[in-house]
Amino acid sequence: KVYRSTSSYGTYSYIDKTYSTSYSDYSVSEGTTYYYKVSAENSAGESSQSSYASAKIASTVSKPSTPTGLSAKMTSAFTIELTWNSVSGAESYVVYRSTSSYGTYSKVGDTYSTSYTDMVSANTTYYYKVSAKNSAGESSQSSYVSVSVDVDLDAPTNVSAYYMSY
(Lines give C-alpha, C1' and ligand atoms only; values in the text may rest on other atoms or scores of the structure.)
Protein backbone atom coordinates (compact mmCIF):
# COMPACT_ATOMS: atom_id res chain seq x y z
CA LYS A 1 0.00 0.00 0.00
CA VAL A 2 1.15 3.56 -0.77
CA TYR A 3 0.53 6.50 1.58
CA ARG A 4 1.17 10.20 0.92
CA SER A 5 1.43 13.47 2.87
CA THR A 6 2.56 17.04 2.15
CA SER A 7 4.44 17.15 5.46
CA SER A 8 7.06 14.69 6.65
CA TYR A 9 5.42 14.57 10.10
CA GLY A 10 1.86 15.01 8.84
CA THR A 11 -0.95 12.55 8.42
CA TYR A 12 -0.28 10.04 5.66
CA SER A 13 -3.33 9.14 3.58
CA TYR A 14 -3.73 5.91 1.65
CA ILE A 15 -3.60 6.67 -2.08
CA ASP A 16 -3.23 3.32 -3.87
CA LYS A 17 -2.20 -0.31 -3.84
CA THR A 18 0.56 -1.68 -6.05
CA TYR A 19 1.78 -5.20 -6.73
CA SER A 20 5.19 -3.91 -7.75
CA THR A 21 8.18 -2.45 -5.91
CA SER A 22 7.65 0.90 -7.67
CA TYR A 23 4.77 3.35 -7.96
CA SER A 24 4.02 6.43 -10.12
CA ASP A 25 1.84 9.15 -8.63
CA TYR A 26 0.04 11.21 -11.30
CA SER A 27 -2.20 13.28 -9.03
CA VAL A 28 0.40 15.85 -7.98
CA SER A 29 0.84 19.62 -8.30
CA GLU A 30 3.86 21.55 -9.54
CA GLY A 31 6.11 23.05 -6.88
CA THR A 32 4.78 20.78 -4.10
CA THR A 33 6.90 18.41 -2.02
CA TYR A 34 5.24 15.07 -1.30
CA TYR A 35 6.22 12.51 1.33
CA TYR A 36 5.51 8.82 0.81
CA LYS A 37 5.42 5.74 3.01
CA VAL A 38 4.67 2.17 1.97
CA SER A 39 3.54 -0.96 3.73
CA ALA A 40 3.36 -4.62 2.75
CA GLU A 41 0.15 -6.60 2.95
CA ASN A 42 -0.62 -10.31 2.80
CA SER A 43 -3.21 -12.72 4.19
CA ALA A 44 -1.82 -12.23 7.69
CA GLY A 45 -2.39 -8.44 7.57
CA GLU A 46 -0.53 -5.20 6.92
CA SER A 47 3.01 -4.35 8.04
CA SER A 48 3.91 -1.08 9.71
CA GLN A 49 4.68 1.80 7.36
CA SER A 50 8.20 2.40 6.09
CA SER A 51 10.30 5.49 6.74
CA TYR A 52 9.28 8.29 4.42
CA ALA A 53 10.77 9.18 1.03
CA SER A 54 10.14 12.61 -0.49
CA ALA A 55 9.86 14.07 -3.96
CA LYS A 56 9.43 17.70 -5.04
CA ILE A 57 7.45 18.14 -8.22
CA ALA A 58 9.40 20.52 -10.46
CA SER A 59 7.66 23.32 -12.28
CA THR A 60 7.54 22.85 -16.03
CA VAL A 61 6.70 26.51 -16.52
CA SER A 62 9.40 29.18 -16.47
CA LYS A 63 9.04 32.89 -15.84
CA PRO A 64 8.16 34.87 -18.95
CA SER A 65 10.73 37.07 -20.62
CA THR A 66 10.78 40.84 -20.19
CA PRO A 67 8.31 42.74 -22.39
CA THR A 68 9.78 44.86 -25.20
CA GLY A 69 8.47 47.64 -27.38
CA LEU A 70 6.90 49.70 -24.61
CA SER A 71 5.47 52.95 -25.95
CA ALA A 72 3.25 55.65 -24.52
CA LYS A 73 1.05 58.38 -25.98
CA MET A 74 -1.41 60.94 -24.71
CA THR A 75 -4.94 60.07 -25.77
CA SER A 76 -6.59 63.01 -23.97
CA ALA A 77 -5.53 65.80 -21.61
CA PHE A 78 -5.27 63.43 -18.63
CA THR A 79 -5.04 59.97 -20.20
CA ILE A 80 -1.93 58.03 -21.28
CA GLU A 81 -2.17 54.86 -23.33
CA LEU A 82 0.68 52.34 -23.00
CA THR A 83 1.27 49.49 -25.45
CA TRP A 84 3.96 46.79 -25.71
CA ASN A 85 4.76 43.56 -27.52
CA SER A 86 3.15 40.31 -26.41
CA VAL A 87 5.36 37.89 -24.44
CA SER A 88 5.08 34.16 -25.08
CA GLY A 89 3.89 32.33 -21.95
CA ALA A 90 2.68 35.48 -20.19
CA GLU A 91 -0.69 35.20 -18.45
CA SER A 92 -0.87 38.88 -17.47
CA TYR A 93 1.17 42.07 -17.30
CA VAL A 94 1.99 44.48 -14.47
CA VAL A 95 2.34 48.22 -15.13
CA TYR A 96 4.64 50.38 -12.97
CA ARG A 97 4.91 54.20 -12.82
CA SER A 98 7.33 56.75 -11.38
CA THR A 99 7.85 60.50 -11.60
CA SER A 100 11.62 60.00 -11.91
CA SER A 101 13.43 57.80 -14.42
CA TYR A 102 15.63 56.31 -11.69
CA GLY A 103 13.09 56.65 -8.87
CA THR A 104 10.93 54.05 -7.24
CA TYR A 105 8.41 52.52 -9.64
CA SER A 106 5.08 51.71 -8.02
CA LYS A 107 2.54 49.27 -9.38
CA VAL A 108 -0.40 51.09 -10.95
CA GLY A 109 -2.26 48.18 -12.50
CA ASP A 110 -2.56 44.69 -13.95
CA THR A 111 -3.90 43.77 -17.36
CA TYR A 112 -4.42 40.67 -19.47
CA SER A 113 -3.83 42.60 -22.69
CA THR A 114 -0.78 44.34 -24.19
CA SER A 115 -2.16 47.80 -23.47
CA TYR A 116 -3.03 49.86 -20.43
CA THR A 117 -4.70 53.26 -19.97
CA ASP A 118 -3.58 55.45 -17.07
CA MET A 119 -5.28 58.55 -15.68
CA VAL A 120 -2.72 61.23 -14.80
CA SER A 121 -2.31 64.76 -13.45
CA ALA A 122 -1.33 67.86 -15.40
CA ASN A 123 2.18 69.27 -15.74
CA THR A 124 4.06 66.13 -14.66
CA THR A 125 6.45 63.78 -16.43
CA TYR A 126 5.62 60.11 -15.91
CA TYR A 127 7.93 57.13 -16.42
CA TYR A 128 6.52 53.67 -17.04
CA LYS A 129 7.82 50.10 -17.01
CA VAL A 130 5.96 46.83 -17.57
CA SER A 131 6.60 43.20 -16.59
CA ALA A 132 5.03 39.90 -17.62
CA LYS A 133 3.60 37.32 -15.19
CA ASN A 134 2.61 33.66 -15.20
CA SER A 135 2.32 30.84 -12.64
CA ALA A 136 6.13 30.60 -12.37
CA GLY A 137 6.56 34.26 -11.41
CA GLU A 138 7.15 37.75 -12.74
CA SER A 139 9.72 38.85 -15.32
CA SER A 140 12.09 41.71 -14.76
CA GLN A 141 10.74 45.15 -15.63
CA SER A 142 11.12 46.55 -19.13
CA SER A 143 13.12 49.61 -20.04
CA TYR A 144 11.23 52.76 -19.17
CA VAL A 145 9.30 55.08 -21.44
CA SER A 146 8.37 58.63 -20.45
CA VAL A 147 5.52 61.01 -21.19
CA SER A 148 5.30 64.67 -20.22
CA VAL A 149 1.81 65.86 -19.46
CA ASP A 150 1.84 69.57 -20.24
CA VAL A 151 -1.69 70.88 -20.00
CA ASP A 152 -2.42 74.61 -20.00
CA LEU A 153 -5.30 75.17 -17.62
CA ASP A 154 -5.82 78.91 -18.12
CA ALA A 155 -9.18 80.32 -17.17
CA PRO A 156 -11.57 80.86 -20.06
CA THR A 157 -11.63 84.34 -21.62
CA ASN A 158 -14.38 86.41 -23.26
CA VAL A 159 -17.08 84.99 -21.03
CA SER A 160 -20.32 86.93 -20.82
CA ALA A 161 -23.31 86.57 -18.56
CA TYR A 162 -26.84 87.70 -19.32
CA TYR A 163 -29.73 88.12 -17.01
CA MET A 164 -33.05 87.10 -18.46
CA SER A 165 -36.30 87.88 -16.76
CA TYR A 166 -39.59 86.21 -17.59
Side-chain angles (χ1 to χ4, degrees), residues 2-16 22-37 51-159:
V2 180
Y3 298 85
R4 181 178 73 191
S5 176
T6 55
S7 169
S8 62
Y9 298 104
T11 302
Y12 284 78
S13 301
Y14 171 78
I15 58 170
D16 207 354
S22 65
Y23 179 78
S24 296
D25 187 359
Y26 296 102
S27 60
V28 295
S29 299
E30 291 181 0
T32 303
T33 300
Y34 293 96
Y35 298 86
Y36 296 90
K37 291 184 177 184
S51 298
Y52 71 82
S54 65
K56 181 167 183 165
I57 309 305
S59 176
T60 57
V61 177
S62 57
K63 287 183 188 180
S65 58
T66 303
T68 60
L70 178 60
S71 65
K73 69 178 180 179
M74 296 291 300
T75 55
S76 71
F78 301 102
T79 305
I80 295 174
E81 182 182 50
L82 303 164
T83 59
W84 56 89
N85 297 326
S86 178
V87 173
S88 178
E91 296 170 358
S92 65
Y93 299 92
V94 184
V95 178
Y96 296 90
R97 180 179 69 197
S98 177
T99 54
S100 169
S101 62
Y102 296 104
T104 300
Y105 284 77
S106 300
K107 178 180 171 180
V108 291
D110 293 289
T111 181
Y112 294 104
S113 70
T114 55
S115 66
Y116 183 83
T117 301
D118 193 23
M119 300 298 291
V120 295
S121 300
N123 303 317
T124 305
T125 299
Y126 292 97
Y127 299 85
Y128 292 92
K129 292 183 178 184
V130 66
S131 65
K133 283 178 67 174
N134 65 15
S135 61
E138 185 174 344
S139 73
S140 57
Q141 295 175 2
S142 67
S143 299
Y144 72 83
V145 65
S146 66
V147 177
S148 293
V149 181
D150 298 318
V151 178
D152 187 8
L153 298 176
D154 291 337
T157 58
N158 298 325
V159 176

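Along the sequence shown, the residues carry numbers beginning at 1.
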Residue list, salt bridge (Lys or Arg N to Asp or Glu O under 4.0 Å) with Asp25, at least two apart or on another chain = Arg4
Contacts of Ser71 that satisfy side chain to side chain donor-acceptor pair (under 3.5 Å) - sequence neighbours left out | Thr83
Start with the C-alpha distance between Ser139 and Ser65, add both sets of side-chain angles, then the distance that settles side chain to side chain donor-acceptor pair (under 3.5 Å), and finish with yes or no.
-> CA-CA 6 Å; Ser139 73; Ser65 58; over 6 Å; no
Min side-chain heavy-atom separation Ser7-Tyr52 under 4.5 Å | no
Flag if over 12 foreign heavy atoms under 6.0 Å of NZ, Lys37 | yes
By side chain to side chain donor-acceptor pair (under 3.5 Å) - contacts of Tyr128 (at least two apart) | Asp118
Closest heavy-atom contact between Tyr12 and Gly10?
-> CD1-O, 3.3 Å
About how many Å separate OG1 of Thr33 and CD1 of Ile57, when rounded to the nearest 0.5 Å?
-> 8.0 Å
Show the numbers, then the answer: is there a side chain to side chain contact (heavy atoms under 4.5 Å, CB included) between Ile80 and Met74?
-> CA-CA 5 Å; Ile80 295 174; Met74 296 291 300; 3.5 Å; yes
Quick one: pull up OG in Ser98 and OH in Tyr127 and give me the separation to the nearest 0.5 Å.
-> 8.0 Å
Compare every heavy atom of Val149 with every heavy atom of Ala77, then report the nearest pair and how far apart it is.
-> O-CG1, 3.7 Å
Are side-chain heavy atoms of Trp84 and Ser142 found at a separation under 4.5 Å?
-> no
Tyr34 and Ser27 have their tightest heavy-atom pair at OH-O, 4.5 Å
Mind listing the closest non-hydrogen atom pair of Ser113 and Tyr93 along with its distance?
-> O-CD1, 3.2 Å
Closest contact, heavy atoms only, Gly137 versus Pro64 = O-CD, 3.7 Å
Under a 4.5 Å cut-off applied to non-hydrogen side-chain atoms, are Thr79 and Glu81 in contact?
-> no
Rounded distance (nearest 0.5 Å) linking atom OG of Ser121 with atom CE of Met119 | 9.5 Å
Shortest non-hydrogen contact between Ser62 and Asn134, atoms and distance = O-ND2, 2.9 Å
CG of Asp110 to OH of Tyr116: how many Å apart, nearest 0.5 Å?
-> 8.0 Å
To the nearest 0.5 Å, how far apart are OG1 in Thr114 and CG in Leu70?
-> 11.0 Å
Rounded to the nearest 0.5 Å, how far does OH of Tyr26 lie from OH of Tyr23?
-> 9.0 Å
Do you see a donor-acceptor pair shorter than 3.5 Å between the side chains of Glu138 and Ser131?
-> yes
Does OH belonging to Tyr14 count more than 12 external heavy atoms closer than 6.0 Å?
-> yes
Would a 4.5 Å heavy-atom cut-off, applied to side chains only, mark Thr99 and Tyr126 as touching?
-> yes
